Colleague: 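To start, I am sharing the structure in question, which I have written as structure tokens.
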Amino acid sequence: MFWTVAVILALGMGVWIARPLWRHPLPIEPVGSIASVYRDQLEELSTDLAQGTLTQARYAAAREELERRALQETAQSAHHANPTASRALAATLFVVLPLAALALYWMLGHPQAIGTPKQAAADSSAMTPEHFSEMTEKLAERLRQDPSDARAWLMLAKAYKVQDRIKDAAAALEKGIALKPDDPDMLTEYAEVLAMAQGGSFAGKPEQAIQRALSVAPNHAKGLTMAGALAFEKKNYSGAVAHWQKLFKQLKHDPELQKALLAGIAEASRLRTVANTPAQAITGRVQLDAGLAGSIDPADTVFIFARGEEGPGMPVAAMRRQARELPISFRLDDTYAVNPSVRLGSLPSIVVGARISKSGDASPHQGDLQALSAPLKLGASGVVLTINEVVK
């Protein structure tokens, strides 16, 4: 029984760590940084809506454009993934982690108390996915015969989780929790399994399980980790920082985990600052010269953009609309940044333009219609752009 449980846990950890690398190749481009930037932009957009500087209709259109850009950049980043390196790393982790765990026990534990060294080594070296499944089923059968062992239900749930049997894992944990309703290990494992079933969201039952675990064990490491993730998910960045800082104090002897946790605390702190800082913008209206009304198609694309008076030549912020929406009220801020590393606030003087493109291409083409403003400062309002110039 000891070796069955030990090997399940060791291999389970190896599979749990290696599986994401096998399924999702490591991107060469920083997909995580892309997601962080767009969360920042979406937060600023939501702040504008809450403050009344953005109507619901404009918010919905802006969010749709933001999500489109985020998906496009993420797809481009994922396109440059390195599946060979990722799967090689996954295979290495799957093999090395269980063997390292068994080797440590061999050196520091007392294997003689449960069996001969040769037999134990043979059992571990012969482990295959089929053997893992077989041992899992043996543990399940044992619990069917004697369902009174709460810790065994937890072990079975972890084995099921490794096998992607999420519903079975949840059912096993529910039986274990029925026996030990205030066990923080089972409650946090239950929260994790339920969140996996919900696509990674901790809302609802996972949140209740986390709160229950922390009410019993306020310093429970996994509970604090999840509570911080839940607060982050709900955009309660102060709550996320508080939970993770409390956890950080418990990791004095684990500098690597401290380093990873500090990254999360820094990101939550940054987003908290952004949420409390009103976004600066240029606002105004785009309209079409009455004499050109017959020369456009309602489906033509309208680009509204801002660029530096003295460069760069490419737009720093831009939005896309359709000609049928003219006249269009606009608000250009860093939510619409073309390159997240270049912000409108970094430009000493800004030119705002609007262009009607029949091709739908963001670059200007001969025959497009456009209008450009005089140089402006960030924060300008009431800007009126009348499209009346033909691109040569």
Side-chain angles (χ1 to χ4, degrees), residues 1 4-24 90 93-94 97-98 101 127 129-234 236 239-240 243 247:
M1 182 60 192
T4 298
V5 172
V7 174
I8 284 177
L9 293 179
L11 284 179
M13 180 58 70
V15 173
W16 182 73
I17 294 176
R19 181 177 56 188
L21 292 171
W22 188 273
R23 290 184 173 179
H24 306 290
L93 289 174
F94 178 75
L97 286 177
M127 178 57 59
E130 290 75 18
H131 291 156
F132 181 78
S133 296
E134 182 181 346
M135 286 193 299
T136 302
E137 290 308 315
K138 285 182 179 179
L139 181 57
E141 178 59 31
R142 172 179 170 271
L143 283 166
R144 281 191 285 269
Q145 299 298 324
D146 178 15
S148 62
D149 189 342
R151 302 304 294 180
W153 283 115
L154 175 59
M155 294 173 189
L156 180 62
K158 289 182 177 181
Y160 282 151
K161 184 176 67 174
V162 170
Q163 296 174 324
D164 273 337
R165 296 169 61 177
I166 303 304
K167 290 184 178 179
D168 290 337
L173 285 164
E174 287 167 359
K175 292 179 180 178
I177 291 171
L179 295 170
K180 296 184 68 174
D182 293 327
D183 187 312
D185 292 338
M186 280 194 286
L187 288 169
T188 52
E189 188 73 17
Y190 187 52
E192 181 180 7
V193 167
L194 292 179
M196 292 172 68
Q198 296 180 175
S201 173
F202 287 97
K205 285 187 177 181
E207 179 177 4
Q208 296 171 10
I210 294 169
Q211 291 174 345
R212 187 172 165 186
L214 289 178
S215 69
V216 176
N219 293 318
H220 192 271
K222 190 170 183 178
L224 289 172
T225 302
M226 291 182 169
L230 172 64
F232 194 97
E233 178 184 329
K234 297 169 73 173
N236 176 12
H243 287 302
L247 175 60

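Here the structure is a predicted model, which is why all the values come from computation and not from measurement.
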Colleague: Which atom names give the shortest non-hydrogen contact between Pro147 and Trp153, and what distance separates them?
Modeller: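 Of all heavy-atom pairs spanning Pro147 and Trp153, the closest is O-NE1, 3.0 Å.
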
Colleague: What pairs meet the salt bridge (charged side-chain N to carboxylate O under 4.0 Å, His left out) rule with one or both residues in residues 199-211, with sequence neighbours excluded?
Modeller: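 Pairs touching residues 199-211 that pass the test: Glu207-Lys234.
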
Colleague: Say you draw a straight line from CE of Met226 to OG1 of Thr188; how long is it, rounded to the nearest 0.5 Å?
Modeller: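 Output value for this atom pair is 5.5 Å.
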
Colleague: Looking only at heavy atoms, what is the nearest atom pair of Ala191 and Ala209, with distance?
Modeller: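 Distance-wise, the nearest heavy atoms are CB-CB, 3.9 Å.
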
Colleague: Looking at every non-hydrogen atom in both residues, tell me the closest pair between Leu194 and Ala170 and how far apart they are.
Modeller: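 Reported closest heavy-atom pair: CD2-CB, 4.4 Å.
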
Colleague: Got a second to check how far Lys158's NZ is from Leu173's CG, nearest 0.5 Å?
Modeller: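 Nearest 0.5 Å value for the NZ-CG distance: 9.5 Å.
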
Colleague: Suppose we screen for salt bridge (charged side-chain N to carboxylate O under 4.0 Å, His left out). Which residues come up paired with Glu141, at least two apart in sequence or across chains?
Modeller: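 Glu141: salt bridge (charged side-chain N to carboxylate O under 4.0 Å, His left out) contacts with Arg144.
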
Colleague: May I have all residue pairs that pass salt bridge (charged side-chain N to carboxylate O under 4.0 Å, His left out) and include part of residues 215-224, sequence neighbours excluded?
Modeller: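 As it turns out, the salt bridge (charged side-chain N to carboxylate O under 4.0 Å, His left out) pairs with a partner in residues 215-224, which skip direct neighbours, are Glu189-Lys222, Glu192-Lys222.
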
Colleague: What pair of heavy atoms forms the shortest contact from His220 to Leu214, and how long is it?
Modeller: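 Closest approach of His220 to Leu214, heavy atoms only: O-CD2, 4.1 Å.
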
Colleague: Measure the shortest side-chain to side-chain distance between Tyr160 and Val193 over non-hydrogen atoms and say whether it is less than 4.5 angstrom.
Modeller: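 No, their side chains stay 4.5 Å or more apart.
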
Colleague: Give, for atom CD of Glu174 and atom CE of Met186, the distance between the pair rounded to the nearest 0.5 Å.
Modeller: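 Answer for the CD-CE pair, Glu174 versus Met186, is 12.0 Å.
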
Colleague: Between CG of Leu230 and OG1 of Thr225, what distance do you get to the nearest 0.5 Å?
Modeller: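 Result: 12.5 Å between the selected atoms.
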
Colleague: Provide the closest heavy-atom pair for Gly176 versus Ala150 in the form atom of the first, atom of the second, distance.
Modeller: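 Taking every non-hydrogen atom into account, O-CB, 4.0 Å.
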
Colleague: Taking C-beta and beyond as the side chain, do Arg212 and Ile177 meet within less than 4.5 Å on heavy atoms?
Modeller: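 The answer is yes, as the side chains (C-beta and beyond) meet within the 4.5 Å cut-off.
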
Colleague: Please report the closest heavy-atom contact between Ser201 and Pro206, naming both atoms and the distance.
Modeller: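 Shortest heavy-atom contact: O-CG, 4.1 Å.
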
Colleague: Within this structure, what is the CG-NZ distance for the pair Asp185 and Lys180, rounded to the nearest 0.5 Å?
Modeller: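 So the gap between those two atoms works out to 8.5 Å.
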
Colleague: Hey, what do you get for CG (Asp183) to CG (Leu187), rounding to the nearest 0.5 Å?
Modeller: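 Here the rounded value is 6.5 Å.
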
Colleague: With the side chain counted from C-beta on, respond yes when Asp149 and Arg142 share a heavy-atom pair under 4.5 Å apart, and no when they do not.
Modeller: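 Yes, at least one pair of side-chain atoms sits under 4.5 Å.
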
